[in-house]
There are 2 protein chains.
Amino acid sequence: MKKLTLEEVGKLAGVSRATVSRVVNGYPHIRPEIRERVQRVIDETGYRPNLLARSLASDRSNIIGLVIPSGAQAVFTDPYFPCLTQGIARGVNSNNLTLALFMVHSEQEEERTILSILGTGLVDGLIVTSDNKGDVFIPELLKHDMPFVQIGRSLYSNQVYRVDTDNVTGSYLATKHLLSLGYQRIATIATNRNCSGDDRFTGYANAFAEYGRTIDRRLVAYGDYGLESGYHAMRQLIPQRPDAVFVTSDTMALGALRALQEAQLRVPDDIAIVGYDDLPPAVQANPQLTTIRQPIEQTGFLAVATLVKILSGEPPESHEIVLPVELVVRASCGAVRTNAVVASAQKADYRVNP
Amino acid sequence: MKKLTLEEVGKLAGVSRATVSRVVNGYPHIRPEIRERVQRVIDETGYRPNLLARSLASDRSNIIGLVIPSGAQAVFTDPYFPCLTQGIARGVNSNNLTLALFMVHSEQEEERTILSILGTGLVDGLIVTSDNKGDVFIPELLKHDMPFVQIGRSLYSNQVYRVDTDNVTGSYLATKHLLSLGYQRIATIATNRNCSGDDRFTGYANAFAEYGRTIDRRLVAYGDYGLESGYHAMRQLIPQRPDAVFVTSDTMALGALRALQEAQLRVPDDIAIVGYDDLPPAVQANPQLTTIRQPIEQTGFLAVATLVKILSGEPPESHEIVLPVELVVRASCGAVRTNAVVASAQKADYRVNP
DNA sequence: TCTTTATTTGAGAGCGCTCTCAAGTAGAAA
DNA sequence: TTTCTACTTGAGAGCGCTCTCAAATAAAGA
């Protein structure tokens, strides 16, 4: 099973290398009988084009890179990245591309990795998932004009193509839900190192504003999307006696739940809780979490679609795609005893099943 | 910032393309002054070699592929794959390779993907994680002599290089632990579609054999490593009134836990439970899970190391690396009230902290 | 019938790198 | 000084593909 070349296939079919290339690539102007003859040789020999040679000649690798910062604990405790990756993989497959995965453990490594990619022709473009406020390499990407799509928001939002979910509305819905249920001391566990965290806090604030309420800073604690951080943040909040808490990730909510449990507080009777993400942990939790569902997989899929457009030279009109989110009402907020009621984000309210 | 070639760098430094190539690749016999001069030009211009051209010329892409079957729900509910991927990424980084990720959603796609990789020169080798008994493409890989390392065990174990954790011993330890605590009706939630599941069942059986006990088939239920399946399996077992259950994955154990909760059974008072994996869910559970810890990340890292050895032409002596596992005693088995006590697998017993 | 135009093919020049081979240089040995 | 053995460099032939260009052929129009 040695590797054949176009040349050899051509010889076997009695045509030139160029003609075989045309058949392989579905080029139009070929006499049917010739196409068929060549195709038969290809089928019989099991010829497969050498992708590297093709890439070199065409100046297009058909490989796109995915950059994931794995420094964050969240990568392991949170199904967010697997879901996202799944969506990206779907996108990649349906566009006949290959996905190169770059997991970077630290900022230095991030920098190093990015540099080792740039200018090497290995990838045609990049999907960048760092939600970190300190993305040092975005300018680098811009400088080298490496096409890329960012997932989430960053400091450079206006200069880049990005796909995101509507974090502001999501948090707004979550908080408004708690407000509308009559809770008085609604705490939040936010994050302050990343952009989505900022947006989610904004949504929280917006809901408060709408209800003419002011935020009590003592009811705001911070985590890093990891489970442990949710636990610690909740412990910090408990002395302030909140009657509800909006936790900006389901995973942190699980941690918070444990803290509440240890403090002998019942959910939702003593304190209501709303999460964010609607990933499996939301359902695994006890009680199941009322949360905000965001279309994570679709985010990944659309990021690829966007990148493909850019690469094909017809960049999308808008620099950003912001996907809608929805409130999913379960037991943890105290609104219902049973589960899984979904409200559309557009309507900015929710319904409860009979 | 247009792309430079070796030729151009050579011209700038007043040497030939070949010499620049030697400097770039750290070739020994170069006059220091020349090396320095060339290096300076490289630094000043920011030259980066075109990886594709290099690969084509050297017949070595330095890309290795990772095949993950994402059909299984477990990919999302279980941090197993993220951990494994993390280890693989570490290995890849430290060997200056690039990782290509192939997520396949179905068997057909698996087949299609594999074929689209074979013979294209894109990857030098593969890491295959499918634990499925029906791996249709392993023979294909062997036929095309594509170097690969399998994670876990498969039907072709004796013909391939593989890295695995000691599933038999792990389950043995878990089961023995329950036996030694005096439980009488020890059920298990196993899996029957994959090889690790077989091994884990074997360990369960071995422990029974050692204690001169026979397995009651009514106390054996099956899942697929996903959370939901654990729930259903447990519901199926409850009528048999087990007083303990060994669940062959933490994620399934979470599902089982929910079923028990619904049935108003207290853990560990009414029924003890032991999981497998020691991934974050084990600690997130309530009560925290006694479980078997396996070095997942290391498995990935070693798989890369093994593949690198094979690619370098000096294949490892042994066809398999089996990593040790250990019992971690927490609250769910009823042995202790507090958490996290680790026993070494080698000793095949455990200690409890004061 | 003779152009004109469209279709079909092959030749050949790269893509940017590696790697062998041979030539040139220098230092050690004779 | 001559010869032999490193060491150091450049020339050049690919790696397997794409893509332009022009030649050859066929179809259509005048």
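Reminder, nothing fancy here: chain letters follow the sequence lines and each chain counts from 1. This one's a predicted model, so the numbers in the text were calculated from it and none came from an experiment.
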Hey, which sits more toward the 5' end of DNA chain D by its nearest nucleotide, B:Thr19 or A:Asn25? B:Thr19

Closest to the side chain of A:Leu6, out of C:dG16, D:dT18, C:dA11, is D:dT18

Residue closer to the 5' end of DNA chain D, B:Val20 versus B:Ala53 (nearest nucleotide): B:Val20

Which residue pairs pass the side-chain hydrogen bond (donor to acceptor under 3.5 Å, both in side chains) test with at least one member in residues 115-128 of chain B, sequence neighbours excluded? B:Arg60-B:Asp124, B:Ser61-B:Asp124

So, do B:Val128 and B:Leu141 sit near enough that their side-chain heavy atoms are less than 4.5 Å apart? yes

N or O in side chain of B:Tyr47 less than 4.0 angstrom from C:dC17 OP1/OP2: yes

Quick note, B:Ala18 side chain, CB onward, closest among D:dC17, C:dC19, C:dG16 is C:dC19

Under 3.5 Å, is there an N or O donor on one side and an acceptor on the other linking the side chain of A:Arg48 and the base of D:dG16? no

Could you state the atom-to-atom distance from CG of A:Leu51 to C1' of D:dC15 in whole Å? 15 Å

Axis deviation across the helix from C:dT1-D:dA30 to C:dA30-D:dT1, five-pair ends, to the nearest 10°: 40°

A:Ser106 OG to A:Glu111 CD distance, which is reported to the nearest 0.5 Å: 10.5 Å

Quick check: does any side chain N or O of B:Arg48 sit under 3.5 Å from a backbone N or O of A:Leu115, one acting as donor and the other as acceptor? yes

Let me know the distance between CG of A:Leu52 and P of D:dC15, rounded to the nearest Å. 15 Å

N or O in side chain of B:Asn50 less than 4.0 angstrom from C:dC15 OP1/OP2: no

Closest to side chain of A:Ala57, choosing from D:dC15, C:dG10, D:dT18: D:dT18

Examine distances only and state if a side-chain atom of B:Glu8 and a backbone atom of B:Thr5 form a donor-acceptor pair shorter than 3.5 Å. yes

Distance col, row A:Ser55:OG vs B:Leu56:CG, nearest 0.5 angstrom, shows 9.5 Å

Atom CD1 in B:Ile114, atom CD1 in B:Ile117: separation rounded to 0.5 Å? 5.0 Å

Taking only the side-chain nitrogens and oxygens of B:Ser58, find out if one of them lies under 4.0 Å from OP1 or OP2 of C:dC17. no

Check this one for me: any side-chain N or O of A:Ser16 less than 4.0 Å away from OP1 or OP2 of C:dA11? no

Take the protein atom CD of A:Glu7 and the nucleotide atom C1' of C:dA11, then report the distance between them rounded to whole Å. 11 Å

Less than 4.0 angstrom from a charged side-chain N to a carboxylate O is my criterion; do A:Glu320 and A:Arg162 meet it? yes

Should the pair B:Glu140-B:Lys143 be classified as a salt bridge under the 4.0 Å nitrogen-to-oxygen rule? yes

Nearest-nucleotide pick for A:Arg17, side chain only, options being C:dG12, C:dG16, C:dG10: C:dG12

Base, sugar-phosphate alone, or nothing: which one does B:Asp59 contact when heavy atoms must sit under 4.0 Å apart? nothing

Identify, residue by residue, the members of residues 27-38 of chain B with a heavy atom below 4.0 Å from DNA chain D, and return them in order of residue number, or none. B:His29, B:Ile30, B:Arg31, B:Ile34

When you measure from the side chain of A:Arg17 to the backbone of A:Leu6, do you find a donor-acceptor pair of N or O atoms at a distance under 3.5 Å? no

Please give, in whole Å, the distance from D:dG14 P to A:Leu56 CG? 17 Å

Distance in angstrom units between A:Arg22 CZ and C:dT9 P, rounded: 8 Å

Quick one: B:Arg54 CZ to D:dG16 P, roughly how many Å, whole number? 19 Å

